[in-house]
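Report on the following structure.
First the proteins, then the strands, lettered A, B, ... as listed; each starts at 1.
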2 protein chains.
Amino acid sequence: MAKRRTDGLSKEVIVQAAAAILDDGGEAALTFRALTARLSTGYGAIYHHVANKSDLLAAATDAVIARVMGDAVVGADPREALRTVSLGLFDAIDAHPWVGAQLSREPWRPALLEIYERIGGLLAALDVPEQTVFDAAGALVNYVLGVAGQNAANARLLDGDPADRSAFLGDIAARWASLDPEQYPFVHRAATRLRDHDDREQFLAGVDIFLAGIATLR
Amino acid sequence: MAKRRTDGLSKEVIVQAAAAILDDGGEAALTFRALTARLSTGYGAIYHHVANKSDLLAAATDAVIARVMGDAVVGADPREALRTVSLGLFDAIDAHPWVGAQLSREPWRPALLEIYERIGGLLAALDVPEQTVFDAAGALVNYVLGVAGQNAANARLLDGDPADRSAFLGDIAARWASLDPEQYPFVHRAATRLRDHDDREQFLAGVDIFLAGIATLR
DNA sequence: ACCTGAACACCGTTCAAGT
DNA sequence: ACCTGAACACCGTTCAAGT
């Protein structure tokens, strides 16, 4: 029926196909049935190269992160490099929302190791004392992945249409604005800011707060 | 066959049962079949009170967070209160790991609103300037949920046995220590710290870095 | 209004059989 | 060694029928 593929399968080919399906249709779209169809092959062929679905997701995540971390950030001072690397991760998770969820699922995987090494190394270059640099690295990595993941969840929801995004934010802003100011004073005030805030800018503002806090440790 | 329940079902009863199943067996254990068995009822009965599985998960999450946020933190100065609230969230997500994943999945839900209100209100009490308090709140909330979620992923993995935890950390530490120090200098050094670090302490250290950074905004 | 449970349209994964 | 695809043991969700 379906024509059989002539070239051999490999884990890399499978992982690339999985990433393409994930980018196209989100996590729900990645099924072994969709994969066999896309690769013109059978289940067993895939299981021959990949242990299971969770292995597949992890490998796809590692590939995306390795690509981002591979973009060298040379020459710049550590503070600027930290901003660049953080923003690179933010943008990568924005482009591949499934990466955000996966990173917090299997934290001992190569992807997170690369991230820790890069961010920790840059913090060490900032002359943060040895006994606190590990706390600082943990905090910064978690901040970056936390915001990026949250942002990705929104992006996934809105599916890329900027009109959707504006309507969605307007909707939430209206809901927040209609809350009782006595009971929700902060969120009530925040509503007016929500509509026209820039996610990337807010993300960078958070990184800067972090770096300012770290500077006090010196 | 199964005896039919005599008292009426309600969304609250269903949500409580779902939370109990989630605490017991993790996200994979929550199925409608397990729920009908535990509640001695049928699928339709549950769908009569709950829109679908995602609604059920969200409602269970809202209930947990509302309980944590309900614990008033009065009298203390804002800085101390922020530490207390952050730690309360950390501990709640540690005890109910499924909450962590859920919070980043549907961020417009009541649970996250409560968290923003509480943390934002305390930051405002710290005299953070109005134009930056929203950035600061976003950053702190994301840090707290990011670390808590990561920690919960580990906890889920280890399933509560402290011996497992020690062995697991020892395993990762050994793997990190065996990495090439040329290629992974930071992670290589971090390995020695990993074995005996305290997650809660490291979490609080991060909160403090944050608060120090926010103080520079004043 | 509230509940029952068979049935439907899916999943991930296995495995005997093929090349 | 690598691949095929029927089959198995599950899912979430629906809906005609009952009380």
(request) Tell me, with the steps shown, if A/Phe203 and A/Tyr143 meet ring pair (Phe, Tyr, Trp, His ring centres under 6.0 Å). (result) CA-CA 9 Å; A/Phe203 170 72; A/Tyr143 167 71; 5.8 Å; yes
(request) Report, as a single string ordered 5' to 3', how protein heavy atoms within less than 4.0 Å touch nucleotides 11-16 of chain C: B base, S sugar-phosphate only, - not at all. (result) BBBBB-
(request) Examine distances only and state if a side-chain atom of A/Gln102 and a backbone atom of A/Thr61 form a donor-acceptor pair shorter than 3.5 Å. (result) no
(message) Any salt bridge linking A/Arg193 with B/Asp135? Criterion: basic side-chain nitrogen under 4.0 Å from a carboxylate oxygen.
(response) no
(message) Tell me which nucleotide, if any, is Watson-Crick or G-U wobble paired with C/dA1 when both distances must be under 3.5 Å.
(response) D/dT19
(request) Measure the distance from NE2 on A/His48 to C1' on D/dC2 and round it to the nearest whole Å. (result) 5 Å
(request) Verify the contact: side-chain N or O of B/His49 to OP1 or OP2 of C/dC3, cut-off strictly under 4.0 Å; return yes or no. (result) yes
(message) Would you compute the distance between atom CD1 of B/Ile14 and atom OG1 of B/Thr41 and round it to the nearest 0.5 angstrom?
(response) 7.5 Å
(message) To the nearest 0.5 Å, what is the distance between CG on A/Leu122 and CG on A/Leu82?
(response) 4.5 Å
(request) Please report, rounded to the nearest Å, how far the P atom of C/dC3 is from the CG atom of B/Leu39. (result) 10 Å
(request) Report the base-pairing partner of C/dA7 (Watson-Crick or G-U wobble, both distances below 3.5 angstrom), or none. (result) D/dT13
(message) For B/Phe32 and B/Tyr47, take the angle between the two ring planes, folded into 0 to 90°, and tell me which bin it lands in: parallel under 30, tilted 30 to 60, perpendicular over 60.
(response) parallel
